[in-house]
Asker: 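First the structure, which I've put down as structure tokens, then a few questions once you've had a look.
Counting starts at 1 for both ligands and their atoms, in listed order.
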Amino acid sequence: AREAEEAGPVTPGTLADGTPISLLANLGKPSDAADAVARGAEGVGLFRTEFLFLSSAQAPTIEQQRTAYAELLGAFEGKKVVVRLLDAGADKPLAFLNDAHEENPALGLRGLRALRASEDILREQLTALAEADAATSADLWVMAPMVTTVEETAYFTTLAREYGLRTAGVMVEVPASALLADRVLAHADFASIGTNDLTQYTMAADRLLGSVASFQDPWHPAVLRLVREVGAAGARTGKPVGICGEAAADPLLAVVLVGLGANSLSMAPAALADVRRSIGQHSLEDARRIAEAALDADDAAGAREAARTAAQK
Ligand code: PEP
Ligand code: MG
């Protein structure tokens, strides 16, 4: 909170018609908080907790975790901070949690699936988060990665609430959970769309494989149509829908995502200023029209071009 005062008041993100859109930061470690605040982040939309686990041969203790989470939450007093539970596997393998012999690790025991298979690690992480939450005054939201089914959603949110964590949601980064977003949101307090993995799974193209990199484009209308499903489900259920994949950092795509129903955008702090400027140039009605143009294209390049043309009108 002190850093926020020093940097001046954070102005909330708004569309040209005054509609608020929270502009949040993606962070990978607590020490990144000051820079995010200085760049105008209203809070944290994705705190990746893997940093605590990647450097060691075994899981960190509850106390080590509590210290790190309290440092993060302490930097955002009164602000929203979305902490993602450990997302191990695929592009983020962990020796003590993942089976190195999976042939298709992106389709394997990763994210919530891996946590559930080692529930002690999940419970320890929830314990540490609840303790850090009790000791600080940020608005802590917790979310699970790689959630595919309604049953997994209910499992995670029920467990998180058992630990006294008030706001529990899921990442939507698999087409199955995007298509059933209304059912998912019946059990979750919010959804946050991870466009990096959602693109990988929609386009059936490994995000780590250079030879298929051209498929990894979140502008693809197939990806945008899935985002539309989630946005519509959010509007129907009155639950917040955010974006925390790289797509939110693209100033024009950010407008499209808002037009599809996102109420918050989380990104690398360096992208905040450009996205703030871009969304400020369009009303919600405009953003919806620009999104419609993008949805109507055949491919990613066509969607980008259609949105660019629509944004100039
Ligand atoms: C995503 O998949 O879009 C996401 C935000 O998570 P990560 O990049 O950490 O998998
Ligand atoms: Mg992901």
Side-chain angles (χ1 to χ4, degrees), residues 22-29 32 36 41 43-54 72 81-94 97-98 104-115 125 141-148 152-153 156 169-178 181 184 190-209 212-213 215-220 222-224 226-227 229-231 240-250 253-254 256-257 260 262 264-272 275 300:
S22 304
L23 296 178
L24 307 165
N26 288 353
L27 300 184
K29 49 186 190 323
D32 294 340
V44 178
L46 168 64
F47 182 68
R48 293 182 165 102
T49 57
E50 292 81 43
F51 81 101
L52 276 166
F53 294 79
L54 286 172
L72 171 76
V81 177
V82 185
V83 174
R84 177 177 74 187
L85 278 285
L86 178 62
D87 184 21
D91 55 310
K92 314 171 194 80
L94 279 185
L97 201 60
N98 302 113
N104 288 303
L107 303 181
L109 204 61
R110 59 159 298 199
L112 182 63
R113 302 170 184 181
L115 283 175
Q125 198 171 17
W141 296 21
V142 295
M143 71 180 177
M146 231 345 241
V147 171
T148 310
E152 285 179 317
T153 306
F156 173 71
V170 297
M171 285 191 76
V172 172
E173 45 186 353
V174 175
S177 60
V184 164
F190 68 95
S192 183
I193 304 176
T195 52
N196 309 332
D197 277 308
L198 185 61
T199 305
Q200 152 167 274
Y201 294 122
T202 303
M203 303 304 290
D206 186 338
R207 66 192 263 193
L208 298 180
L209 204 55
V212 292
F215 288 92
Q216 186 69 25
D217 191 333
W219 273 99
H220 198 285
V223 177
L224 300 180
L226 288 169
V227 173
E229 289 295 322
V230 187
V241 170
I243 310 283
C244 66
E246 301 304 323
D250 172 333
L253 187 47
V256 169
L257 296 167
L260 296 173
S264 66
L265 301 168
S266 191
M267 65 203 76
L272 284 163
V275 170

Asker: What heavy-atom pair brings L46 and M143 nearest, and what distance separates the two atoms?
Answerer: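 Shortest heavy-atom contact: CD1-CE, 3.6 Å.
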Asker: Looking at every non-hydrogen atom in both residues, tell me the closest pair between G89 and N98 and how far apart they are.
Answerer: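 Between these two residues, the closest heavy atoms are N-OD1, 3.2 Å.
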Asker: Give, for atom CG of N196 and atom CG of D91, the distance between the pair rounded to the nearest 0.5 Å.
Answerer: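 Going from CG on N196 over to CG on D91, the span is 8.5 Å.
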Asker: When you measure from the side chain of N26 to the backbone of C244, do you find a donor-acceptor pair of N or O atoms at a distance under 3.5 Å?
Answerer: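 Looks like yes, one N/O pair under 3.5 Å.
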Asker: Going by chain and residue number, what protein N/O/S atoms come nearer than 2.8 Å to the Mg ion (ligand 2)?
Answerer: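 Hits for the Mg ion (ligand 2) below 2.8 Å: E173 OE1, D197 OD2.
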Asker: Using a 4.0 angstrom limit on heavy atoms, which residues are close to ligand 1?
Answerer: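 Lining ligand 1: L46, R48, R84, D87, K92, M171, E173, G194, T195, N196, D197, R207, C244, G245.
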Asker: Check side chain to side chain donor-acceptor pair (under 3.5 Å) between E173 and all other residues, then give those that pass, not counting sequence neighbours.
Answerer: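 Side chain to side chain donor-acceptor pair (under 3.5 Å) check on E173 returns nothing, list empty.
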Asker: Count the heavy atoms belonging to other residues, nucleotides or ligands that lie under 6.0 Å from CZ of F215, then report whether that count exceeds 12.
Answerer: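 Counting other residues, nucleotides and ligands, CZ of F215 stays at 12 neighbours or fewer.
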Asker: If you measure from CZ on F47 to CG on L85, what distance do you get to the nearest 0.5 Å?
Answerer: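 Taking CZ in F47 and CG in L85, the distance rounds to 12.0 Å.
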Asker: Apply ring-ring contact (aromatic ring centres under 6.0 Å, His included) to F190 and list each qualifying residue two or more places apart in sequence or on a separate chain.
Answerer: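 Partners of F190 under the ring-ring contact (aromatic ring centres under 6.0 Å, His included) test: W141.
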Asker: Decide side-chain contact (heavy atoms from CB on, under 4.5 Å) for T195 and L253; before the verdict, give the C-alpha distance in whole Å, the side-chain angles of both, and the deciding distance to 0.1 Å.
Answerer: CA-CA 11 Å; T195 52; L253 187 47; over 6 Å; no
